[in-house]
Amino acid sequence: MFDNLSDKLNSVFKKLKGHGKLSEKNIDEGLREVRMALLEADAHYRVVKQLIADIRARAIGQEVLESLTPAQQVIKIVNEELTALMGSEKEALNLSGAMPQAVMLVGLQGSGKTTTAGKLAVHLRKNGKKPYLVPLDVYRPAAIDQLKKLGEQLSVPVFDSSPEMDPVEIAQKARQKAPSEGCDTLVLDTAGRLHVDSELMNELSRIQKAIEPSDVLLIADAMTGQDAVNMAESFDQALDLGGIVLTKMDGDARGGAALSIKAVTGKPVKFIGVGEKTNALEEFHPDRMASRILGM
Amino acid sequence: ADKNVLDRQNMEEIEEALITADVGMDTTMKLIGRIEANAAQISGPEQLRTFLKQEMRKVFENVAQPAPVAETPHVVMVVGVNGVGKTTTIGKLAFQYRCQGAGVLIGAADTFRAAAVEQLTIWAQRADAAIVAHRENTDPAAVAFDTVEAGISRSIDRVIIDTAGRLHTKVNLMEQLKKIKRSIGKKLPGAPHEVLLVLDATTGQNALAQAKMFHEGIGVTGLILTKLDGTARGGIVVGICDAMKLPIHYIGVGEAMEDLQPFDHEAFIDALF
Ligand SMILES: Nc1nc2c(ncn2[C@@H]2O[C@H](COP(=O)(O)OP(=O)(O)OP(=O)(O)O)[C@@H](O)[C@H]2O)c(=O)[nH]1
Ligand SMILES: Nc1nc2c(ncn2[C@@H]2O[C@H](COP(=O)(O)OP(=O)(O)OP(=O)(O)O)[C@@H](O)[C@H]2O)c(=O)[nH]1
Ligand SMILES: [K+]
Ligand SMILES: [Mg+2]
Ligand SMILES: [Mg+2]
């Protein structure tokens, strides 16, 4: 595990060790490599600072100083801390409450909401649900068409929105109509928006109040950089998120944004997106994410 | 000047400012190295900022010059990973060209994503540009070819080709992009005259890999940095421009047709840290 970082740590500690036990200073030399790996993966500067402090406290608390294999020991601590931060239990979609239930998808422009809506419809159907796709993006050109086409491809009903309608009104009408369409679970595809756009953030709150979705998922791009903390914090403050979907994980982004988002919201990553096709949605594995972030 | 004036705290603040702007570890270390090498001339935090800005200015001044618009049609191909803003940027670009009095024809060579053609068609209408589109799931290289052909026969000044978003790691999709480029060149030798890579300012260090792979794959001539209207600062382009000497043509600052501005490196650096 973590071969790359292990090699680096081994060479650091070998150089330093020489005379028996490692000193605190030696540990710090090693942790510099860990810090570098985390920052290169786009984990947020402050999040990394806290993580390194936690790892250091454990590392110098005898766990490493006395060890014959200090690099392995440090790696073990790093892995445990990362995995713990990322959440160790799997969390499913929350589908509690009155019928029809609703899952609401929110996020920045282009993060993958509409595509994920299609993927979630597939997931829900596999789990015996009857999804209803609801286009609430009345702003982006052809956003409604995009979801309608996905619904057609998947043979999942799509509410017939039009750009002249108000998103709250669409959501309410869709909920009324769901039973007659044979549907029990709404998937609400909202327009992409910046977290600093107060008017549009307000719109999300209004949709949430009107529909009371059982789950609200932040759809976040795995390639996101340092801004992930600001973005995630704002969406969580406005909506009290139920979970995260990390998209575009089929690329080579290390995905440190996952750490940042988890650190500021505390909300679980529920799924990852691993492709453009409607079946490319997978469960999230915190341990795999930890090794990916460290680039191993 | 006293070397000690730049204490650990100053350096840490600089490091934090650069890293949180997505400048990245490598470029940050490089810049800090430059500070240390020039510490004798830097006598306090203010000079430190001035020095850093000067170093960054050098990066943006030391890039290739954009291609002159000499031929008709002048063909621009727009590429990038998924969701960065290619189609929207094409709408904005077409509008700018139209405002300059040029005739514009757009090719809908994203034949993959659901409703990509519908989206581009709306943008073409807004910008008062013509569009060439085939049915969904047809060969994007054929669309590009037909668009250039139509551009030539209708004596249109500017042709812009939209392409489907693709991750730089997907070999088959990068091959498809090369094929699109080749078919443009087959119809009009020397074209495309520009290959613009769209980067999203919210992207972190992965943007460097994107720039490298697209450049190696099809030869990028310039960059467009979108979504600078949020709180992300897009610092990753410092390292990209430094390594690849590519000019940044425009920045995207919103979702409306007017929200495309020429890149002004002074303003960009000022906003960076
Ligand atoms: N490779 C890959 N591409 C993805 C994934 N998820 C979404 N995409 C692509 O990302 C682009 C944007 O996806 P959309 O679903 O339109 O994103 P959105 O958040 O709805 O965008 P807006 O509505 O404009 O805010 C499209 O090209 C999708 O095909 C993923 O997991 N992997
Ligand atoms: N805030 C903001 N949003 C932008 C900007 N440029 C594009 N967008 C939005 O980003 C989202 C994705 O834009 P598209 O133009 O569809 O991106 P694309 O690269 O063509 O996406 P694919 O074709 O799916 O790969 C849309 O919601 C756009 O409105 C910008 O400069 N600022
Ligand atoms: K993005
Ligand atoms: Mg969408
Ligand atoms: Mg597009």
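Letters A, B, ... mirror the listed sequences (proteins, then strands); counts begin at 1.
Residues B:Glu16 and A:Arg46 are paired through a salt bridge, judged by an N-O separation under 4.0 Å between the basic side chain and the carboxylate.
With a 4.5 Å cut-off on non-hydrogen atoms, B:Glu12 touches chain A through its backbone and its side chain both. Contacts between A:Asp197 and chain B at a heavy-atom distance below 4.5 Å are absent for every atom of the residue. For a residue to count as touching a neighbouring chain, one of its non-hydrogen atoms must lie under 4.5 Å from one of that chain's; by this rule B:Val117 does not touch chain A. Only the side chain of A:Asn230 comes within contact range of chain B, with heavy atoms under 4.5 Å apart. Residue contact with chain B, scored on non-hydrogen atoms closer than 4.5 Å, is absent for A:Lys148. Within the 4.5 angstrom heavy-atom criterion, no atom of A:Ile144 approaches chain B. Heavy atoms closer than 4.5 Å to chain B are found in both the backbone and the side chain of A:Gln146. B:Ala209 touches chain A through its side chain: at least one heavy atom from C-beta onward sits under 4.5 Å away, while N, CA, C and O do not. Contacts between A:Arg193 and chain B at a heavy-atom distance below 4.5 Å are absent for every atom of the residue. Using a 4.5 Å cut-off between heavy atoms, B:Asp26 contacts chain A through its side chain alone, with no backbone atom that close.
We find the OG1-CG distance between B:Thr202 and A:Asp221 to be 6.5 Å, quoted to the nearest 0.5 Å.
In terms of heavy-atom pairs under 4.5 angstrom with chain B, the leader among A:Gly251, A:Ala253, A:Ala41, A:Ala143 is A:Ala253. Top candidate by heavy-atom pairs under 4.5 Å with chain B, chosen from A:Met231, A:Glu152, A:Glu40, is A:Glu40. When each of B:Glu136, B:Glu15, B:Lys170 is checked for heavy-atom pairs under 4.5 Å with chain A, B:Glu15 comes out on top. Put simply, of B:Thr226, B:Ile122, B:Thr231, the one with the most heavy-atom pairs under 4.5 Å next to chain A is B:Thr231.
When every heavy atom of A:Gly192 is checked against every heavy atom of B:Glu255, the shortest pair comes out as O-OE2, 4.3 Å. When every heavy atom of B:Gly204 is checked against every heavy atom of A:Asp42, the shortest pair comes out as CA-OD1, 3.4 Å. Minimum interatomic distance between B:Asp22 and A:Asp227 (heavy atoms only, all atoms of both residues): OD2-N, 4.4 Å. Listed here is the closest heavy atom pair of A:Lys248 and B:Asn82: NZ-O, 2.9 Å.
Other residues, nucleotides and ligands place no more than 12 heavy atoms under 6.0 Å from the NZ atom of B:Lys212.
Side-chain polar atoms of A:Gln226 and B:Arg233 form no donor-acceptor pair below 3.5 angstrom.
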*asked:* A:Asp252 vs B:His168, test: side-chain contact (heavy atoms from CB on, under 4.5 Å). Steps then yes/no.
replied: CA-CA 9 Å; A:Asp252 60 353; B:His168 52 287; 2.8 Å; yes

